[in-house]
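Working notes for the structure below.
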2 protein chains.
Amino acid sequence: MAEPMYQRIADDLRGQIESGALKRGSQLPTELELREKYEASRNTVRDAIRRLINLGLVETRPGQGTFVYSKIDPFVTTLSADRATGLGGGEGATYLSEVDAAHKKAKTSEPRVELQRAAPEIAARLRVPEGTQVISRHQERSIDDTPWSLQTSFYPKDFVKRGADRLLDAEDITEGTVKYLEATLDLKQVGYRDWITARAPDATETDFFKLPPDGRVAVFEIFRTAFDQNGTPMRVTVTVFPIDRNQFIVNVGDVPSPQYETSDGRAAS
Amino acid sequence: MAEPMYQRIADDLRGQIESGALKRGSQLPTELELREKYEASRNTVRDAIRRLINLGLVETRPGQGTFVYSKIDPFVTTLSADRATGLGGGEGATYLSEVDAAHKKAKTSEPRVELQRAAPEIAARLRVPEGTQVISRHQERSIDDTPWSLQTSFYPKDFVKRGADRLLDAEDITEGTVKYLEATLDLKQVGYRDWITARAPDATETDFFKLPPDGRVAVFEIFRTAFDQNGTPMRVTVTVFPIDRNQFIVNVGDVPSPQYETSDGRAAS
DNA sequence: GCAAATTTGTTCGTATGTATT
DNA sequence: CAATACATACGAACAAATTTG
């Protein structure tokens with residue numbers, strides 16, 4: 001009895017799913033049927049199913065049954081710069097045009113603007129002392145009414161005093177903050193660094209993204225530090241994306257511009 | 001009774017952890033103590049703890065107890081090109097020098113070389129018909145004896161006939177396959193595209209990375225398609241990294257080269 | 001529209017096994 | 001070896017969601 005029974009049941013079902021014997025979207029036997037088939041108690045069968053849920057292989061629907069999981073059609077964000085605009089992917093106008101290209105409808109909430117004391121990971125990236133006041137601009141973004149990402153940008157509070165007072169307005173800066181800061185403060189964004197991590201969602205994120213409350217779906221957290229012409233950080237943007245519906249592309253060097261393939265290898269339409 | 005009891009217990013403990021009342025590495029009350037404190041059965045308490053495990057907040061050790069999770073010091077891979085070499089991060093020599101810079105010892109296994117029929121997602125990226133034979137070179141990589149990544153590169157079988165026969169040798173090509181292919185086939189790698197995804201690990205990955213078998217730790221899967229001077233894909237490299245010990249950096253434009261911050265915001269040593 | 005049947009979700013109790021101290 | 005703490009497994013009862021008749 002090297003392997004516990006619930007694990008052997010899970011492995012057996014897993015094999016059936018990965019071999020294709022159980023197809024995507026199809027229903028698994030009910031707990032009662034599995035209990036008879038494997039001669040185990042209902043709780044043991046449920047332990048096996050829980051394992052499959054954690055592996056992202058199945059989902060359960062109360063009153064209906066257990067079904068092989070069907071993957072969501074992912075949204076793809078390009079992190080490297082657009083040659084034409086020099087803007088990074090996933091921000092402002094670039095975000096909207098990428099979405100449009102995929103025939104989807106994006107919606108961005110009005111920004112929630114706050115003055116905050118910089119948390120350690122923000123302070124270090126902006127190179128200001130921990131606890132310094134910073135401007136925080138937070139937006140929720142959805143595509144086709146599916147919540148897609150949460151984004152918060154941090155700017156030195158200083159920028160307002162120096163003339164960029166629209167940073168404190170709780171409305172979209174349609175031409176983009178990059179252009180706005182160049183026009184008002186003569187700060188050119190000459191580059192940025194993206195720091196890509198993944199972690200479990202917190203309570204707010206679970207709620208906004210409508211993720212299962214058990215935390216089995218992690219989130220990407222991308223820290224973008226933008227630098228001005230003096231090599232000084234002028235902005236830190238933190239964006240959170242659920243990993244079950246998001247993928248990212250980075251282009252380096254000369255790369256053919258059209259994307260000839262989709263994420264799962266099928267030819268693009 | 002809107003919320004089930006196990007969830008209220010989990011939320012209460014979660015609050016204590018996130019507020020700092022329970023510090024990293026410290027021990028939670030035992031199941032028996034929690035059972036008395038919350039006046040619930042042991043199974044209900046265990047359901048609450050399972051929730052915390054899935055959220056990556058605690059870990060249990062049989063015979064010892066339940067402990068607040070201490071994060072692993074992550075390894076950081078730069079995906080954008082090194083200015084000097086033009087090589088991408090995470091490959092060949094670049095991988096070793098990055099590791100060295102962090103005062104760690106890397107170990108790469110001898111490649112396992114196979115001729116395979118291209119799976120759909122590989123075929124589409126290499127732009128060859130599905131099922132075409134391709135050369136597969138697979139390596140396991142560890143840092144300080146911790147398994148860090150699994151990497152498989154795919155090349156058109158064609159390359160061997162045209163003279164790059166060392167692609168079939170099961171030994172490291174120390175100068176790197178990029179240089180080797182340029183020398184033998186006059187194929188210059190002028191750029192690449194990285195496609196970043198995350199998913200649950202399969203059985204092989206769970207085993208190699210020594211991940212918990214319940215699948216709560218996902219893996220990054222990065223598809224790198226490298227292009228030659230004609231804009232034709234010359235290589236597809238798939239690398240898998242556990243998300244609990246890996247982070248990535250992408251530099252775009254002019255970015256100050258030293259990294260002034262670490263992943264969690266503390267000043268670098 | 002409603003009641004019954006089906007299916008998963010929550011909670012309890014109990015017993016035994018395994019790992020660590 | 002004994003005590004402690006988590007892991008596995010069984011049984012039972014009721015609740016909640018969904019489908020069916």
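The figures that follow rest on heavy atoms only: side chains count, while hydrogens, waters and symmetry mates do not. Residue numbers start from 1 in every chain, and the chains themselves are labelled A, B, ... in the order their sequence lines are given, proteins ahead of strands.
A/Tyr38 places its OH atom 19 Å from the C1' atom of D/dC10, with the value rounded to the nearest Å. Rounded to whole angstrom, the span from the CG atom of A/Asp47 across to the C1' atom of D/dG11 amounts to 14 Å. If you take CG of A/Leu34 and C1' of D/dC10, they are 17 Å apart, rounded to a whole angstrom. Protein atom CZ of A/Arg51 is 12 Å distant from nucleotide atom P of D/dA7, rounded to whole Å. B/Asp214 places its CG atom 13 Å from the C1' atom of D/dA7, with the value rounded to the nearest Å. Rounded to an integer number of Å, the gap from A/Arg35 CZ to C/dT6 P is 15 Å. Rounded to whole angstrom, the span from the CZ atom of A/Phe67 across to the P atom of C/dT7 amounts to 10 Å. Rounding to whole angstrom units, CG of residue B/Asn43 and P of D/dA13 are separated by 17 Å.
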Return all side-chain donor-acceptor pairs below 3.5 angstrom for residues 204-211 of chain A, not counting sequence neighbours, or 'none' if the list is empty.
unit_1	atom_1	unit_2	atom_2	d
A/Glu205	OE1	A/Arg199	NH1	3.0
A/Glu205	OE1	A/Asp202	N	2.8
A/Glu205	OE2	A/Arg199	NH2	2.9
A/Thr206	OG1	A/Asp202	O	3.0

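Every side chain to side chain donor-acceptor pair (under 3.5 Å) that A/Ser153 has, sequence neighbours left out, goes to A/Thr237. Remark: A/Phe248 engages A/Phe220, A/Phe241 in a ring-ring contact (aromatic ring centres under 6.0 Å, His included) (not counting sequence neighbours). Evaluation of the side-chain contact (heavy atoms from CB on, under 4.5 Å) rule for B/Ala21 yields B/Gln16, B/Ser19 as partners, not counting sequence neighbours. In this structure A/Tyr6 satisfies the side chain to side chain donor-acceptor pair (under 3.5 Å) test together with A/Arg51, sequence neighbours excluded.
Note: A/Leu52 CG to A/Leu57 CG = 6.0 Å, rounded to the nearest 0.5 Å.
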Nucleotide N/O to protein N/O under 3.5 Å, stretch nucleotides 3-6 of chain D:
unit_1	atom_1	unit_2	atom_2	d
D/dC6	OP1	B/Thr66	N	3.4
D/dC6	OP1	B/Thr66	OG1	3.4
D/dC6	OP2	B/Glu31	N	3.0

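Closest contact between the side chain of B/Ala40 and the listed nucleotides D/dA9, C/dT10, C/dC12 involves C/dC12.
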